[in-house]
Amino acid sequence: MTIDRSRIEEENQIRLSWHESDLAHAVDVVDRSGVDAEAVIVEVARFSAAAPSWAVGTGGTRFGRFPGGGEPRDTFEKVDDIAMLNALTGANRTVSLHVPWDDPGLGAGAAALRRHAEELGIGFDAMNSNTFQDNPSTTDDRTVSYKFGSLANVDDGARRAAVEHNRYVIELGVELGSRALTVWLADGMNHPGQASFRGQFERVLAGLGEIYAHVPDDWEMYTEHKPYEPAFYSSVNNDWGTSLLLAQGTGDRVKCLVDLGHHLPNTNIEQVVSRLAMVGRLGGFHFNDSKYGDDDLTVGSITPFQLFLIVGELLEAGGGQMPAAAYMIDESHNLKDPLEDLIQATDALQVALAQALCVNRTDLADAQRANDPARAAEVLHRGFRTDVRPLVAEARRRNGAALEPLATFRAVGYRAAVTAARGADSVATGL
Ligand code: RM4
Ligand code: MN
Ligand code: MN
């Protein structure tokens with residue numbers, strides 16, 4: 001599936017004169033508040049968030065799945081979809097693979113996938129190892145199962161299989177040009193007394209150590225916490241404190257990954273971000289939004305102010321820029337076209353970034369020094385309530401992407417074209 005960039009350009013032309021007048025106004029408003037609007041545009045244009053390979057198919061719940069048309073049939077087609085997404089947003093320049101859902105195989109398979117992605121301008125972000133389902137490649141003999149956990153399992157064979165799977169994922173990542181491994185574990189308990197809290201933690205820590213021994217020197221490894229699901233009584237890596245203990249206990253290049261849906265209700269996530277950044281252990285981010293739990297809803301669709309505050313803490317950590325980290329959108333799409341949801345998620349992220357950049361940090365620091373919370377709120381809200389959409393559109397335009405990505409996606413007829421090519425009932429691997 002080739003992307004016709006001239007169609008994106010045509011769509012931009014239709015909107016160009018409106019865009020220019022909106023932009024001139026937005027630049028005026030922002031400049032007048034003492035923030036350099038041009039710097040905001042440049043920083044938004046620099047930002048990119050990986051698309052996960054599993055999110056270009058329709059997700060499902062345990063109550064069913066309603067596939068849309070033209071779902072990618074293999075990892076190559078997933079990369080095609082992500083290249084289309086990136087052509088529209090200019091801000092999804094990498095893909096994050098989930099193995100074994102997306103396993104091209106070592107050697108020729110990995111080389112072909114890498115070549116395909118390179119031709120489309122897509123790189124490989126963090127690799128995700130899946131040990132929450134039995135994985136035929138490492139548990140072939142059926143005597144080993146992850147039913148009672150992977151790294152935390154009391155069964156040596158299951159632990160060995162999990163370490164071996166992670167080693168394989170690293171090897172694959174090296175061949176693809178990735179630079180990081182994300183370890184999210186489903187390990188935990190469903191029943192009180194089922195296992196020892198301490199024993200499970202110690203086995204996970206030891207297992208991470210074994211995996212870390214395989215991590216190349218120029219790679220990082222991330223521990224991703226989650227309070228519950230699929231383990232509903234306790235998870236081994238349940239919160240950021242545990243995640244930090246695991247990272248610190250494993251090695252220098254092990255950092256914590258914060259998934260926005262992986263916190264108990266009302267957790268102050270921006271504070272978590274600040275703490276982890278303070279100790280140099282903030283390594284990655286999974287963006288989504290939630291109302292109740294790990295709902296994997298569209299970024300910024302439920303709690304946009306929280307997202308703005310979180311991005312503000314990231315800027316704080318990066319000295320006014322987004323710090324180097326593995327940023328990824330981690331969503332599951334049940335109702336929307338997955339590409340449309342990813343377009344909206346990316347746009348919401350860019351908007352939150354622009355709003356956070358529109359906060360006059362000097363004024364905020366002055367208000368903090370003066371113990372003046374009313375003024376501090378005023379400064380924050382001025383950033384949050386600025387209509388930054390023209391600045392974001394301009395950042396996209398400079399990246400050769402679409403002024404209005406969703407309308408453009410529909411206008412170019414991508415979904416209809418892939419449905420014709422792949423079929424109306426193709427099913428992608430993933431959630
Ligand atoms: C988990 C977690 C992981 C993701 C899987 C699919 O809840 O968010 O990051 O890889 O889902
Ligand atoms: Mn995640
Ligand atoms: Mn999740």
Side-chain angles (χ1 to χ4, degrees), residues 49-62 65 75 78 94-103 124-135 146 149-151 162 165-166 169 172-173 178 180-188 204 220-232 234-240 242-243 246-247 255-265 267 269 272-273 276 282-299 302 307 310 325-334 338 341-342 345 349 428-431:
S53 57
W54 62 98
V56 285
T58 315
T61 71
R62 62 200 165 108
R65 191 174 187 279
T75 312
K78 289 184 178 185
T94 51
V95 56
S96 197
L97 290 192
H98 211 295
V99 184
W101 290 341
D102 289 288
D103 181 0
F124 290 87
D125 212 275
M127 303 292 291
N128 302 268
S129 58
N130 170 340
T131 57
F132 47 87
Q133 293 165 323
D134 278 341
N135 166 359
Y146 296 138
S150 58
L151 295 182
H165 178 63
N166 277 277
V169 173
L172 196 58
S178 169
L181 172 74
T182 300
V183 181
W184 172 70
L185 301 169
D187 295 49
V204 166
E220 288 188 339
M221 175 168 150
Y222 308 130
T223 55
E224 179 180 2
H225 70 271
K226 176 168 173 171
Y228 68 90
E229 195 206 15
F232 286 105
S234 67
S235 292
V236 179
N237 189 5
N238 62 308
D239 63 10
W240 73 274
T242 302
S243 194
L246 290 170
K255 296 181 174 173
C256 302
L257 185 144
V258 175
D259 182 313
L260 295 189
H262 292 190
H263 307 270
L264 291 174
T267 298
I269 304 174
V272 171
V273 169
L276 289 174
L282 184 67
F285 238 91
H286 284 179
F287 292 103
N288 48 50
D289 211 339
S290 65
K291 180 83 179 149
Y292 305 107
D294 189 23
D295 307 332
D296 285 339
L297 297 173
T298 318
V299 176
I302 312 279
L307 179 64
I310 289 167
Y327 298 107
M328 191 193 88
I329 295 168
D330 192 1
E331 296 180 347
S332 172
H333 319 106
N334 298 327
D341 204 358
L342 289 166
L349 258 177
T429 50
L431 291 165

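These numbers come from the heavy atoms of this one structure, side chains and all, not from hydrogens, waters or symmetry mates. Just so you know, ligand 1 is whichever comes first in the structure, and atom 1 is the first atom listed for that ligand.
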State the CG-NE2 distance between N238 and H225, to the nearest 0.5 angstrom.
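Result: 8.0 Å between the selected atoms.
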Side chain of N128, backbone of L97: donor and acceptor closer than 3.5 Å?
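Indeed, once roles are kept as given, a pair shorter than 3.5 Å links the two residues.
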Quick check against the 3.5 Å criterion: does T242 have a side-chain atom that pairs as donor or acceptor with the backbone of N237?
no
Atoms of ligand 1, numbered as shown, that sit under 4.0 Å from any heavy atom of [X]:
X	answer
H262	2 (C), 7 (O), 8 (O)
K226	7 (O)
D259	8 (O)
E224	2 (C), 3 (C), 8 (O), 9 (O)
H286	9 (O)

Measuring to the Mn ion (ligand 3), does H286 have an N/O/S atom at a distance below 2.8 Å?
no
Metal check, the Mn ion (ligand 3) vs D330 N/O/S, cut-off below 2.8 Å
no
Just let me know how D294 lines up against ligand 1, side chain, backbone, both or neither, with a heavy-atom cut-off below 4.0 Å.
side chain
Considering only heavy atoms, does E229 approach ligand 1 within less than 4.0 Å through its side chain, its backbone, both, or neither?
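Looking at E229 and ligand 1, no heavy atom falls under 4.0 Å.
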Could you check whether any side-chain heavy atom of W54 comes within less than 4.5 Å of a side-chain heavy atom of D330, counting everything from C-beta outward?
yes
Protein residue, atom and distance nearest to atom 8 (O) of ligand 1, heavy-atom basis
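The closest one turns out to be D330 OD2, 2.9 Å.
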Nearest-neighbour protein heavy atom for atom 10 (O) of ligand 1, which is reported as residue plus atom name and distance:
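For this ligand atom, the closest protein heavy atom is H98 NE2, 3.0 Å.
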For the Mn ion (ligand 2), which N, O or S atom of D259 is at the shortest distance?
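This residue's closest N, O or S atom turns out to be OD2.
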Of all the atoms in E224, is at least one N, O or S atom closer to the Mn ion (ligand 2) than 2.8 Å?
yes
How open is the angle at the Mn ion (ligand 3) from atom OD2 of D294 over to atom NE2 of H262, rounded to 10 degrees?
90°
